[in-house]
Structure formats: C-alpha cells, structure tokens
Amino acid sequence: MTKAVEARDLWKTYPGDIHAVKGINFRIEPGELMVLVGASGCGKTTTLRMVAGLERISDGEILVGDKRVNDLHPAKRGVALVFQNFALYPHKTTFQNIAFPLESSGVARDEIRRRVTEVAEMLELSAHLDKTPDGLSGGQQQRVSLGRAIVRNPDVLLLDEPLSNLDARLRVVMRSELKRIQRRVGSTALYVTHDQVEAMTMGDRIVVMSGGNIAQIGTPQDVYLLPADMAVARTIGSPAMNLMPGTATASGGNVSLQGDGWKLALSGDVAAALAARLSGPEQKITLGIRPEDVRLAPGTEAADGLASGVCLTAEPLGSETLYTVDLKPEGLRILHRETHVSLPEGTRTTVLSRQDARVHVFDSASGARLFSMIDREGVWQVTETSAA
Ligand SMILES: Nc1ncnc2c1ncn2[C@@H]1O[C@H](COP(=O)(O)OP(=O)(O)OP(=O)(O)O)[C@@H](O)[C@H]1O
C-alpha cells in the first residue's frame, strides 16, 4: 500500500538563528512523484533530510500515511534514500550492494536472491550482478543505488539530486528511466533537484522553494504558465523568463505599462481588469514574458512593438537561435525557431509579442504576480488558467 507524505508547518532552524525552512506545508499523494526545486540554499535538502529522519525537526510535523514520524528512527519510517554520490560499497558486487538492506534486516537467503534478481531485471542489471562498482558505468552505478533503495519496497522514495553526477547524455536517459521505475514500484517519491528541466520532465507536481518558503506548488504546466511570483518565474524555464521593470499607469480606462526600452498600451476589458489589481493609479511593476513568446521584427517601426533595441548576441542552439537585445537590466532574450530571420549582432530591431504569447505583470516590491494576459489574434485577454 503506497502512502501519502505530508509536511505540516515544518520548520528547521539551525544554531545562529538560521531559518533554513520556514513553516512549509505540502502533501504528496500516494504514488505521486513530487519534485522540490529551487536555487541553492533555498532549503530543499534540509526538507528532504527531515522527511528521511536525518535532520531533527525544529517545529511542525511530518506524516507518512496517517502516522506522525517526527520521532521515528529513519529505518522505521518506510523511507529509502538515493543520493547524488551513489554511496555504494566499493568492494561489494552489484548483487551484494542491492542485497545489503535485506541482509541487515535478516531476510532469508532465498528471499534475498529472489528479490535482488527481480530488481536487477527491472533495472537491467542482470548481466552485471558480479561486478564491483569500479567495473560499472556511472548510469549503472546509479541504477545499483536505486536498486538498493527499492529492494525493500519502501513506501517512500527520497531522491537527492540523483542524476547530478552523470554526464548530460546519461542524465536525459536516466530521467525517463527513473520515472518509469518509480511508477512500476509504486512508491511515493520526493525528488530534490536544482535543475528545472528535471523538475518539469519528472514531476507529477513541482514544489518551488525560495528562501525557506514554498513559492508555488503545481503541475509543471501550471508552474510554467502561471508562475506565482518572480522567484518561480526565474526558476522555471530555460532560457529564463524576461523580467522587465517598469511602471503601470492607469488613466481614463486605459493602462500603460512602460519601462526602459519597452512599452505596452492596454485598453478595454483587459485594462479595466488590470487596473482593478493595481494598488493605485501608478505602481512599480515588472513585466514578464518568455523568450519563446517574443519575436524579432527588424525593419518594423519601433512604435509598433513591445520593445526595441540593439541585438547584442545571436547564439545558435541548433534548432533555434537565442538572441539578446540590449535592454536594461539584463537584456531581452528572444528564442527564434525560424531560420529565415537572422539578425547580425549590432543591428537595431523591434521586438513583437507572438500569437498566444503570455504576459505577466508582477508587483516589483513583493514579486507577486498581479495579473496575466494572453495575446489572442492581436487582442490581449485576461487569463487565469494554464489550459492552452
Ligand atoms: N548544518 C547546518 N548548519 C547551519 N546552516 C545550515 C546547515 N545546513 C544547511 N544550512 C543552511 O540552510 C539553508 C538551506 O540549506 P539546504 O542545503 O537545505 O539548501 P538546498 O536548497 O538544498 O541547497 P543546495 O541545492 O545548494 O544543496 C542554507 O542557507 C544553508 O546554508
């Protein structure tokens, strides 16, 4: 029976008043793979270690199923851990490494052989059972460490950056393998990573952490299309969302959004809806738009566009090209799939929003998202849904 995992008002305070985790709440449904993602130091590993029982909980509680596990020894929580560094015994064979947790809990020899054989088959390690870790590739070593974790059929699988020691190609392969295996085993999983691509591709849902707090919990699609705040917008998506500081000015039923080198004039329903969210007739805002939602329009009148500036860099990425246009403070990134547009560095260009582009308005002071709209055939419409 798979079990839910719940964190209730969970705190971790280290000596010196360091609040690594600040009263977070989440619930992972039975069999769900939940990814904890966020910048370095945001509290991901600390959270996972509290669930594992490797770190004392300062306040709040953790439940596995309906059982409070705060005071349970790690071995009694029904959790298994997979680490970044594999943590295999170097002198043991694949068989012995996978068998180890069963041996140390006194499982009979025949049963051990049966279970290890089954897990090795699932992980495609059957041909490598007699090898020690130094005779295995990085991906195989990681599969052995996964095998050791799942051989006891844990209720909960905890994975701390399990792919970060693998090369880029293997990471991609192991991403889908790990997910397939987690589905097959049926364990509820908590997966920590700083890699937003892993988070997006693997998570049934994603928890975005920022400064010890949870900024947002949602499906990959929700978090990508409707980020709760600027921290989430920065964390999810690569290349990162453009965040352009400016001012929103409401007057006479219109709203003008404007910053250094960009502007967006709104009228009608969308302007009225945005004006209702503003704290007054003028507010410091940050406009967010993803690089794939804008396009270059060299030769177009700057007055017609969202922005204009000089192309600083053009980086070919294979199937697409990433352009950066000179806009304060960090440049405006534009991702172009079309090959017929090619803009030499140093050329002045206008930037337009694309069909179905999503634009977000964030409050610059708090970072919270105030409003989102979508470009439907040249008309901006309010949107609060991540459905396409
Ligand atoms: N033993 C400790 N004593 C004091 N502070 C700590 C300790 N462990 C972690 N911290 C602090 O707690 C905060 C959260 O750390 P944590 O390792 O959970 O972050 P993280 O999001 O996992 O980061 P990373 O991706 O770099 O591992 C950081 O500010 C860190 O410096």
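Please read all numbers here as calculations on a predicted model, not as lab measurements. Numbering of ligands and ligand atoms starts at 1, following listing order. Hydrogens, waters and symmetry mates play no part in the numbers below; they use all other heavy atoms, side chains included.
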Salt bridge check: are Lys179 and Glu177 linked by an N-O gap of less than 4.0 Å? no
Would you say Thr46 has any N or O atom under 3.5 Å from an N or O of ligand 1, going by distance alone? yes
Within a strict 4.5 Å, meaning less than it, do heavy atoms of the Leu10 and Glu61 side chains meet? no
Hey, is Ala39 touching ligand 1 through its side chain, its backbone, both or neither, going by heavy atoms under 4.0 Å? backbone
Regarding atom 24 (P) of ligand 1: of the candidates Ser40, Gly16, Ser210, which has the closest heavy atom? Ser40
Any heavy atom of Lys44 under 4.0 Å from ligand 1? The part involved is both
Cation-pi between Arg290 and Tyr224: NZ/CZ under 6.0 Å from ring centre and within 45° of the ring axis? yes
One thing to verify: whether Glu124 and Arg143 come together as a salt bridge, which I'm taking to mean a side-chain N less than 4.0 angstrom from a carboxylate O. no
Do NZ/NE/NH1/NH2 and the carboxylate oxygens of Asp59 and Lys22 come within less than 4.0 Å? no
Mark whether atom 1 (N) of ligand 1 lies under 4.0 angstrom from at least one protein heavy atom. yes
Looking only at protein heavy atoms, which one is nearest to atom 28 (C) of ligand 1, and how far off is it? Gly41 O, 3.7 Å
Mark the output for Gly38 as yes if a heavy-atom distance to ligand 1 is under 4.0 Å, and as no if none is. no
In the structure I gave you, are the side-chain heavy atoms of Ile289 and Arg358 within less than 4.5 Å of one another anywhere? no
Regarding ligand 1, does His194 bring an N or O atom to under 3.5 Å of one of the ligand's N or O atoms? no
Note: heavy atom closest to atom 17 (O) of ligand 1, options Ile18, Asp160, Thr45, belongs to Thr45
Protein heavy-atom partner closest to atom 5 (N) of ligand 1 - residue, atom, separation in Å: Tyr14 CD1, 3.3 Å
Here the atoms of ligand 1 under 4.0 Å from any heavy atom belonging to Ala20 are 12 (O), 13 (C), 14 (C)
One thing to verify: whether Arg114 and Glu111 come together as a salt bridge, which I'm taking to mean a side-chain N less than 4.0 angstrom from a carboxylate O. yes
Look up atom 30 (C) of ligand 1 and tell me if a protein heavy atom lies less than 4.0 Å from it? no
Sidechain N-carboxylate O distance under 4.0 Å for Asp71, Arg68: yes
